[in-house]
Peer 1: 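I'd like to ask some things about the structure below.
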Amino acid sequence: MPRLGIILHGVTGRMGYNQHLVRSILAIRDQGGLTLKSGERLEIDPIIVGRNREKMEQLAKRHNIVRWSTDLDAALADPKDQIFFDAGTTLMRAELIGKALDAGKHVYCEKPISDDLKTAVKLARKARASGLKHGVVQDKLFLPGLRKLAMLRDSGFFGKILSVRGEFGYWVFEGDWGVPAQRPSWNYRKNDGGGIILDMLCHWRYVLDNLFGEVKSVSCLGATHIPNRVDEQGRTYECDTDDAAYATFELEGGVIAQVNSSWAVRVRRDDLVTFQVDGTHGSAVAGLTKCWTQHRVNTPKPVWNPDQPQTIDFYKTWDEVPDTQVFDNGFKAQWEMFLRHVAEDAPWPYGLEAGAKGVQLAELGLKSWAERRWLDVPELEF
């Protein structure tokens, strides 16, 4: 049975633990590995690495993980492990990925891959020149709701796509009146790599590029709506970076996209993130898992009349796209795709170049906000 040893760094955090360790790597391990085209089963052999010895030991015992370490350099030097994965802090990521490439490891990582474009491009070039496999998590493309949008697009349902409107976010509690915050405090400190523009425009880049057309220009307005929050130790601190972003994008083919991102918004929509796509022949609204459509022949004909209550229940005029297939966890599905890429050279379009494109859009979004103007998104050279 072929084997892949995987170094997992940064899996004590919420996303790294839940989505990457438990629901992806351990789920693949517990299902007996991964079936390759040859019919062989690929064995997954993880080692978890972190600075806190007690956390590593407890995590390993809880999930029956045989190997764990607090020595990343030693793990990278071990030839029996072929892949390095990082879900740690943004500010450390580029250096860690560079070290892993130097050690001859294939790399897979969360995003952003850096907090500045020059470093991100340099890293992508280094990975490309190394001949090693490399990838960046593009998780939202694997959400059932967005996969249904892709199916509608591929079927020609929309006709000509005109516009995309995205709404993302929820209320993150301030932590000062009895309800603990549900996001870590570093998200609101610039020097720790925080800010919703750096975080979310990396996501919106790959969503827009892959589903609706490459991003050609951006106008972005950021805001720090909540100036002070309470951290994990109960101390009040100043929020010095953006907790909301209001962005408009021009896409290839003339599509206009507007995406609002906020950790200071209360949800009255179908999900924590929704995308509405309007086309000449039909429209669709997708959340994380569900998707609704309205074809042009089923579109109601409202008439503006502010003197009478609205008689149309607009929600009832949409039809839900049925679940015609079973969608696995999106993170796990992408992990399996990358593992096949490493093990048998299966197709893989999400290299570190995609990560650099996300950093580029985030950097341009911040610049647009600072200079209060539209900015073109030039093609990157790798």
Peer 1: Any chance you could lay out the salt bridge (Lys or Arg N to Asp or Glu O under 4.0 Å) test for Asp81 and Arg67, step after step, and finish with the verdict?
Peer 2: CA-CA 11 Å; Asp81 293 314; Arg67 301 189 299 141; 2.7 Å; yes
Peer 1: Rounded to the nearest 0.5 Å, how far apart are CG of Leu91 and CG of Leu96?
Peer 2: 11.0 Å
Peer 1: Does atom CZ of Arg372 have more than 12 heavy-atom neighbours from other groups under 6.0 Å away?
Peer 2: no
Peer 1: Walk me through whether Lys111 and Asp139 qualify under salt bridge (Lys or Arg N to Asp or Glu O under 4.0 Å).
Peer 2: CA-CA 10 Å; Lys111 71 221 142 294; Asp139 53 287; 3.2 Å; yes
Peer 1: For residues 35-70, which residue pairs pass the ring-ring contact (aromatic ring centres under 6.0 Å, His included) check, not counting sequence neighbours?
Peer 2: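 Applying ring-ring contact (aromatic ring centres under 6.0 Å, His included) to every pair that reaches into residues 35-70, excluding sequence neighbours, yields Tyr17-His63.
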Peer 1: Does Arg93 use its side chain to pair, donor to acceptor, with the backbone of Pro112 at less than 3.5 Å?
Peer 2: yes
Peer 1: Ignoring hydrogens and angles, tell me if any N or O in the side chain of Gln334 forms a donor-acceptor pair with the backbone of Gln138 under 3.5 Å.
Peer 2: yes
Peer 1: Of Asp199, Asp231, Asp243, which meets salt bridge (charged side-chain N to carboxylate O under 4.0 Å, His left out) against Arg183?
Peer 2: Asp199
Peer 1: What distance separates Cys239 SG from Glu174 CD, expressed to the nearest 0.5 Å?
Peer 2: 9.5 Å
Peer 1: Give a yes or no on whether the backbone of Lys160 and the side-chain of Thr280 come within a donor-acceptor separation of less than 3.5 Å.
Peer 2: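 Yes.
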Peer 1: Would you list the pairs meeting ring-ring contact (aromatic ring centres under 6.0 Å, His included) in which at least one residue belongs to residues 81-104, sequence neighbours left out?
Peer 2: His20-Phe85, Phe85-Tyr108, Phe85-Trp335
Peer 1: For Arg51, I'd like to know if atom CZ has over 12 heavy atoms of other residues, nucleotides or ligands within 6.0 Å.
Peer 2: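 Open.
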Peer 1: Does any N or O in the side chain of Thr289 come within less than 3.5 Å of the main-chain N or O of Gly145, such that one atom is a donor and the other an acceptor?
Peer 2: no
Peer 1: Grouping I, L, V, M, F, W and Y whenever their side-chain heavy atoms are under 4.5 Å apart, do Leu26 and Leu42 come out in a common cluster?
Peer 2: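 Hydrophobic grouping puts Leu26 with Leu42.
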Peer 1: With distance as the sole criterion, is a donor-acceptor pair present between the side chains of Ser185 and Arg189 under 3.5 Å?
Peer 2: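 On atom types as modelled, these side chains qualify, holding a pair under 3.5 Å.
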Peer 1: First locate atom OG1 of Thr90, then atom CD1 of Ile113, and finally report the distance between them rounded to the nearest 0.5 Å.
Peer 2: 10.5 Å
Peer 1: Got a sec: does the CZ of Arg3 have more than 12 other heavy atoms crowding it under 6.0 Å?
Peer 2: yes
Peer 1: Does a side-chain N-to-carboxylate-O contact under 4.0 Å join Asp116 and Lys118?
Peer 2: no
Peer 1: Run through the side-chain heavy atoms of Ile, Leu, Val, Met, Phe, Trp and Tyr, join any pair under 4.5 Å, and report what else lands in Trp171's cluster.
Peer 2: Phe173, Trp177, Val179, Ile226
Peer 1: Would you please say whether a donor-acceptor pair under 3.5 Å links the side chains of Thr274 and Asp271?
Peer 2: no
Peer 1: In chain order, what residues pass the side-chain hydrogen bond (donor to acceptor under 3.5 Å, both in side chains) check against Gln276, with sequence neighbours excluded?
Peer 2: Asp278
Peer 1: Around atom CD of Glu320, are there more than 12 heavy atoms of other residues, nucleotides or ligands at under 6.0 Å?
Peer 2: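 Counting neighbours around CD of Glu320, more than 12 heavy atoms of other residues, nucleotides or ligands fall under 6.0 Å, so yes.
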Peer 1: With a cutoff of under 4.5 Å between side-chain heavy atoms, which Ile, Leu, Val, Met, Phe, Trp and Tyr residues group with Ile312?
Peer 2: Phe314
Peer 1: If you look only at pairs with a residue in residues 341-350, which of them pass as a side-chain hydrogen bond (donor to acceptor under 3.5 Å, both in side chains), with sequence neighbours excluded?
Peer 2: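 Every side-chain hydrogen bond (donor to acceptor under 3.5 Å, both in side chains) pair that includes a residue of residues 341-350, provided the two are not neighbours, is Lys133-Asp345.
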Peer 1: Only one of Ile44, Ile47, Val342, Ile48 clears side chain to side chain contact (heavy atoms under 4.5 Å, CB included) with Ile6; which?
Peer 2: Ile44
Peer 1: A side-chain contact here means heavy atoms from C-beta on lying under 4.5 Å apart; do Thr248 and Val218 qualify?
Peer 2: no
Peer 1: Is the side chain of Asp86 donor-acceptor paired with the backbone N or O of Gly88 at a distance under 3.5 Å, no angle test?
Peer 2: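 A pair under 3.5 Å: yes.
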Peer 1: Please answer: with hydrophobic residues joined when any side-chain heavy atoms are less than 4.5 Å apart, are Leu4 and Leu132 in the same cluster?
Peer 2: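 Leu4 and Leu132: separate clusters.
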Peer 1: Determine which pairs satisfy salt bridge (charged side-chain N to carboxylate O under 4.0 Å, His left out) with at least one residue from residues 143-155, sequence neighbours left out, and list them in order.
Peer 2: Lys148-Asp323
Peer 1: Mark yes or no for whether Trp186, through its side chain, and Asp192, through its backbone, hold a donor-acceptor pair below 3.5 Å.
Peer 2: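 No.
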Peer 1: Could you tell me whether a side-chain N or O of Asn329 sits under 3.5 Å from a main-chain N or O of Phe331, the two making a donor and an acceptor?
Peer 2: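 Pair found, side chain donor or acceptor close to backbone of Phe331.
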Peer 1: When clusters are formed by joining ILVMFWY residues with side-chain heavy atoms under 4.5 Å apart, either directly or through shared neighbours, do Val136 and Val215 land in the same one?
Peer 2: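 No, no single cluster joins them.
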Peer 1: Quick one: side-chain hydrogen bond (donor to acceptor under 3.5 Å, both in side chains) pairs with a partner in residues 208-225, sequence neighbours left out?
Peer 2: Arg205-Asp209, Ser217-Glu250, His225-Tyr246
Peer 1: Assess whether side chain to side chain contact (heavy atoms under 4.5 Å, CB included) is satisfied between Leu8 and Val49, documenting all intermediate values.
Peer 2: CA-CA 6 Å; Leu8 299 167; Val49 182; over 6 Å; no
Peer 1: For the side chain of Arg41 and the backbone of Gly33, is there at least one donor-acceptor N/O pair under 3.5 Å apart?
Peer 2: yes
Peer 1: Ignoring hydrogens and angles, tell me if any N or O in the side chain of His134 forms a donor-acceptor pair with the backbone of Leu352 under 3.5 Å.
Peer 2: yes
Peer 1: For atom CD of Glu95, decide whether the heavy atoms of other residues, nucleotides or ligands shown that lie under 6.0 angstrom number more than 12.
Peer 2: no
Peer 1: Can you list every side-chain hydrogen bond (donor to acceptor under 3.5 Å, both in side chains) pair that touches residues 297-318, not counting sequence neighbours?
Peer 2: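 Of all non-adjacent pairs touching residues 297-318, those that pass side-chain hydrogen bond (donor to acceptor under 3.5 Å, both in side chains) are Gln294-Thr317.
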Peer 1: Walk me through whether Gln360 and Val377 qualify under side chain to side chain contact (heavy atoms under 4.5 Å, CB included).
Peer 2: CA-CA 8 Å; Gln360 178 193 37; Val377 181; 3.5 Å; yes
Peer 1: How many angstroms lie between atom CG of Leu76 and atom CG of Asp71, to the nearest 0.5 angstrom?
Peer 2: 9.0 Å
Peer 1: Under 3.5 Å, which donor-acceptor pairs do the side chains of residues 258-267 form with other protein atoms, sequence neighbours left out?
Peer 2:
| unit_1 | atom_1 | unit_2 | atom_2 | d |
| --- | --- | --- | --- | --- |
| Asn260 | ND2 | Glu167 | OE2 | 2.8 |
| Ser261 | OG | Trp204 | NE1 | 2.9 |
| Ser262 | OG | Ala264 | N | 2.9 |

Peer 1: Looking at Lys190 and Asp242, is there a salt bridge between them, counting it only when a charged N and a carboxylate O are closer than 4.0 Å?
Peer 2: no
Peer 1: Any pair with a residue in residues 22-34 that passes side-chain hydrogen bond (donor to acceptor under 3.5 Å, both in side chains), sequence neighbours left out, goes on the list, sorted by first then second residue, please.
Peer 2: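 Qualifying pairs, neighbours excluded: Gln31-Lys332, Gln31-Glu336.
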Peer 1: Residues two or more places apart in sequence or in another chain: which of them pass salt bridge (Lys or Arg N to Asp or Glu O under 4.0 Å) with Glu353?
Peer 2: Arg128
Peer 1: Enter the distance from Leu208:CG to His203:NE2 here, rounded to the nearest 0.5 Å.
Peer 2: 12.5 Å
